[in-house]
There are 2 protein chains.
Amino acid sequence: MKKFFKAVDDITRREILEMLKTKDMTAGEISDAFQISKPSISYHLDLLKQADLVISEKKGQYVYYSLNTSVLEDVISWLVSLKQAGGK
Amino acid sequence: MKKFFKAVDDITRREILEMLKTKDMTAGEISDAFQISKPSISYHLDLLKQADLVISEKKGQYVYYSLNTSVLEDVISWLVSLKQAGGK
DNA sequence: TAAATATTTAGATAATTATCTAATTATATA
DNA sequence: TATATAATTAGATAATTATCTAAATATTTA
């Protein structure tokens, strides 16, 4: 979960996740939504990938990014367990 | 949620939260569980407090820290909404 | 095949963060 | 009241991070 927490501790990366909620997008489309440079977005996408929060698939010259939600189970469980501890 | 994500993006702070799951503890007791200095723990406790994840209460010369789980609602909701988007 | 487009990699840098020691503040006790 | 204990604040520093520009790689198209 280490990498998950790092990945979501950044507003740009959280916004990328939000965008991917609606549809899969190419690196370029994602980049267009931000003011920061393409290499910076590439860097953010890499961190999201390392955290298994996104999957990338190359189609021709484009790279499509999509949400991977399987990691969320563990994190949600951890948070719920914290919450329940509070209500003891 | 900004401060929440920052707060939990650190192993020491996540461990502090884990410890507080079982019982309320003084700053000193928390500090004793780690190898790092008391001022560093104080710094981590402050970040947890800023994120509203802990509450502190002074009793005599001791400061007791306890878990505050109310913030978790929003975070869990956000994660669940991400998860559901994935299943579309 | 040459040029254009999409993306990532490399290398540099400013800002942020986690840590330390020393000093300070607040409380309790001899 | 002086000393000990608990905790935080101040100031410094090394490590990490997010960003940039320039260059490289891969693919498509003229």
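Below, chain A is the first sequence line, B the second, and so on; all start at residue 1.
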Asks: Please give, in whole Å, the distance from D:dA7 P to B:Glu57 CD?
Replies: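 Between P of D:dA7 and CD of B:Glu57: 14 Å.
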
Asks: Could you point out which residue of A:Arg13, A:Glu15, A:Lys49 forms a side chain to side chain donor-acceptor pair (under 3.5 Å) with A:His44?
Replies: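 That would be A:Arg13; it is the only one of A:Arg13, A:Glu15, A:Lys49 passing the side chain to side chain donor-acceptor pair (under 3.5 Å) with A:His44.
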
Asks: State, yes or no, whether a side-chain contact exists between B:Phe34 and B:Met19 at a heavy-atom distance under 4.5 Å.
Replies: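 They are in side-chain contact.
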
Asks: C:dC20, OP1 or OP2 - any side-chain N/O from B:Ser37 closer than 4.0 Å?
Replies: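 So the side-chain polar atoms of B:Ser37 do come within 4.0 Å of the phosphate oxygens OP1 or OP2 of C:dC20, strictly under.
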
Asks: For the residue pair A:Trp78 and A:Phe4, is the inter-centroid distance of their aromatic rings smaller than 6.0 Å?
Replies: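 No, they do not, as the ring centres are separated by 6.0 Å or more.
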
Asks: Which whole-number value in Å describes the distance from A:Arg13 CZ to D:dA18 C1'?
Replies: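 Atom-to-atom, A:Arg13 to D:dA18, this comes out as 8 Å.
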
Asks: What is the nucleic acid contact for A:Ile41, judged by heavy atoms within less than 4.0 Å: base, sugar-phosphate only, or nothing?
Replies: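 A:Ile41: no heavy atom of the nucleic acid under 4.0 Å.
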
Asks: Does B:Tyr43 or A:Ser40 map to a spot on DNA chain D nearer the 5' end, using the closest nucleotide for each?
Replies: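 The answer here is B:Tyr43.
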
Asks: May I ask you to decide if B:Ser70's main-chain N or O and B:Glu73's side chain share a donor-acceptor pair within less than 3.5 Å?
Replies: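 Flag not set: sc B:Glu73 to bb B:Ser70 has no pair under 3.5 Å.
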
Asks: Taking the side chain of A:Pro39 as its heavy atoms from C-beta onward, which of C:dT7, C:dA10, D:dT8 lies nearest to it?
Replies: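 Selected nucleotide: C:dA10.
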
Asks: Starting from P on C:dT17, measure out to CG on B:Asp46 and report it in whole angstrom.
Replies: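 Result: 13 Å.
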
Asks: Would you kindly give the OH-to-P distance between A:Tyr62 and D:dT28, to the nearest whole Å?
Replies: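 Value for this atom pair: 10 Å.
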
Asks: Give the intermediate values and the outcome of side-chain contact (heavy atoms from CB on, under 4.5 Å) for residues A:Asn68 and A:Val54.
Replies: CA-CA 5 Å; A:Asn68 178 35; A:Val54 302; 5.8 Å; no

Asks: What about A:Gln61, does its side chain sit under 3.5 Å from the base of C:dT5 through a donor-acceptor pair?
Replies: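 Indeed there is one.
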
Asks: Which whole-number value in Å describes the distance from A:Phe5 CZ to C:dT17 P?
Replies: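 Value for this atom pair: 17 Å.
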
Asks: Of all the nucleotides listed (D:dC20, C:dT8, C:dT21), which has the minimum atom distance to the side chain of A:Tyr65?
Replies: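 Within the option list, the nearest is C:dT8.
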
Asks: Counting heavy atoms from C-beta on, name the nucleotide in C:dT9, C:dT19, D:dT8 closest to the side chain of B:Val63.
Replies: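 Of C:dT9, C:dT19, D:dT8, D:dT8 is nearest to the side chain of B:Val63.
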
Asks: Just how far, in rounded Å, is C1' of D:dT9 from CG of B:Leu47?
Replies: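 Taking CG of B:Leu47 and C1' of D:dT9, I get 14 Å after rounding.
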
Asks: Which listed nucleotide (C:dT27, D:dT19, C:dA22) is nearest to the side chain of A:Thr12?
Replies: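 Side chain of A:Thr12 sits closest to D:dT19.
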
Asks: Under 4.0 Å: is that the gap between some side-chain N or O of B:His44 and OP1 or OP2 of C:dT17?
Replies: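 No, no such contact exists.
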
Asks: Of the candidate nucleotides C:dT21, D:dT27, D:dT19, which contains the atom at the shortest distance from the side chain of A:Ile36?
Replies: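 Closest nucleotide among those given: D:dT19.
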
Asks: Quick check for you: among D:dA18, C:dT7, C:dA6, whose closest atom lies nearest to any side-chain atom of A:Thr26?
Replies: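 Nearest nucleotide to the side chain: C:dT7.
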
Asks: Atom CD of A:Gln50 and atom P of D:dT16: how far apart are they, to the nearest Å?
Replies: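 Computing the A:Gln50:CD to D:dT16:P distance gives 14 Å.
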
Asks: In whole angstrom, what separates B:Met25's CE from D:dA6's C1'?
Replies: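 The answer, rounded to whole Å, is 15 Å.
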
Asks: Looking at every strand, decide which applies to B:Ile30 at a 4.0 Å heavy-atom threshold: base, sugar-phosphate, or nothing.
Replies: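 Since no nucleic acid heavy atom lies under 4.0 Å of B:Ile30, the category is nothing.
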
Asks: Classify the nucleic acid contact of B:Asp10 as base, sugar-phosphate or nothing, counting any heavy atom under 4.0 Å across all strands shown.
Replies: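 Counting heavy atoms under 4.0 Å across all strands, the contact made by B:Asp10 is with sugar-phosphate only.
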
Asks: Please report the shortest heavy-atom distance between B:Ile30 and B:Ile16, naming the atom on each side.
Replies: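 Scanning both residues completely, I find the closest heavy atoms to be CG2-CG1, 3.9 Å.
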
Asks: Check every strand shown and say whether B:Lys6 touches a base, only sugar-phosphate, or nothing at a heavy-atom separation below 4.0 Å.
Replies: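 Here B:Lys6 touches the backbone only, sparing every base.
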
